[in-house]
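Everything on this sheet refers to the single structure shown next.
Each residue takes its place number in the sequence, starting with 1. Atom set for the values below is all heavy atoms of this structure, side chains included, hydrogens, waters and symmetry mates excluded. Keep in mind the model is a prediction, meaning the values are calculated, not measured.
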Amino acid sequence: MDALQRPVVLILGAGAVGLSLAGRLLSVATVYAACRPAHAGAIRERGLVMEGIWGNTTHGGLACVTGPDEVPPGIDFVIITAKGTDTRAICEEYAGQLRDRPVASLQNGIGNEEIIARYAGTVIGGTVTTNFSVVGSGHVRVASESAPMRLGVWSGDERALDELIGIIRSAGIPVEADGDIRSGKWAKALLNIAVNPICALLAAPVGAAADEDVRETVAGLIRETFAVAGAEGVHLPWASAGDYLAHLFTVQVPDFAAVYPSMYYDLQRGRRTEIDLLNGYVVRIGERHGIETPYNRCIAGLVRYAEAHPEPS
């Protein structure tokens with residue numbers, strides 16, 4: 001791609017996902033990454049170190065920024081990879097860069113796009129199931145890739161979606177258009193709604209969700225979520241909560257049985273969790289439709305309590 005035609009991409013909240021994406025996009029775009037000072041310092045000193053299935057290399061040329069004053073004019077696309085608890089704050093901080101530009105969300109949970117839409121004209125929702133992790137400052141690993149990235153228009157201009165998919169695909173990242181990204185976001189969130197808070201509270205890996213004493217609580221969370229999704233007009237890939245629960249207990253839980261969810265680490269480290277973008281979101285939307293959600297309400301309340309009362313280290 002000619003240097004004069006290279007798109008300019010700003011990635012906000014660049015941790016494991018954002019820095020990995022930035023490294024891959026550098027071959028086809030000029031990339032600015034808003035990241036923590038520790039990452040920025042390391043990358044400026046010796047480049048972005050990447051390892052794993054996206055290549056083992058050190059990338060020079062990634063421009064790190066630590067605030068909106070360091071972002072140049074002429075940004076073509078903004079991609080937000082920040083944790084959902086930071087979405088509103090990062091949108092406020094970079095409001096000038098979001099205005100009148102296409103903004104894509106590659107974040108966990110449900111509801112990020114609704115926040116972003118208050119600041120941007122075109123919003124693109126996305127799901128990604130690649131396994132990213134931070135090894136150290138300015139050093140990331142891409143361990144596995146279970147499905148292509150999926151992107152779809154949440155609100156605004158369809159042409160922006162086609163352009164962004166073209167850029168990502170030209171960088172060698174598998175990506176597909178999703179004609180119903182709302183359903184895609186809800187479908188991806190089901191596993192997190194079902195197991196993340198329970199396993200975080202129990203300090204147990206995902207396999208604990210299949211325990212006979214835990215399964216009924218998991219089932220209650222999912223039955224309520226299906227009822228709320230249906231009221232929202234969301235068409236999930238499974239015809240019923242029972243169909244999804246069969247998939248959860250025969251495929252997803254066994255696949256991730258030894259893994260501790262990110263919410264467990266959040267509680268262990270005294271950090272805010274994404275509970276209000278998962279079970280808390282189900283409760284909030286359920287209230288809008290007059291749907292009772294006692295399982296999700298209980299779990300969300302317990303996680304909030306655990307957040308507010310961290311165990312001493």
Answer yes when [X] and [Y] have at least one side-chain N-carboxylate O distance shorter than 4.0 Å, and no when they do not.
X: R272; Y: D86; result: no
X: R297; Y: E292; result: no
X: R169; Y: E176; result: no

Those residues at least two apart in sequence (or on a different chain) that pass side chain to side chain donor-acceptor pair (under 3.5 Å) with E307 are T273
All side chain to side chain donor-acceptor pair (under 3.5 Å) counterparts of S105, not counting sequence neighbours:
Q107
Between Y281 and E274, does any side-chain donor sit less than 3.5 Å from a side-chain acceptor?
no
Consider only side-chain N and O atoms of Q252 and Y244, and report whether a donor and an acceptor are under 3.5 Å apart.
yes
Holding to salt bridge (Lys or Arg N to Asp or Glu O under 4.0 Å), I want the full list of residues that pass it with E224, two or more places apart in sequence or in another chain.
none
Closest approach of [X] and [Y], non-hydrogen atoms and distance?
X: V128; Y: K188; answer: O-CE, 3.0 Å
X: T127; Y: G184; answer: CG2-O, 3.8 Å
X: P197; Y: V303; answer: CB-CG2, 3.8 Å
X: E93; Y: T66; answer: OE2-O, 4.4 Å

Could you walk me through whether R182 and E113 pass salt bridge (Lys or Arg N to Asp or Glu O under 4.0 Å), step by step?
CA-CA 9 Å; R182 283 177 172 79; E113 290 83 1; over 6 Å; no
Tell me, do Y260 and Q268 make a side-chain contact under 4.5 Å, heavy atoms counted?
no
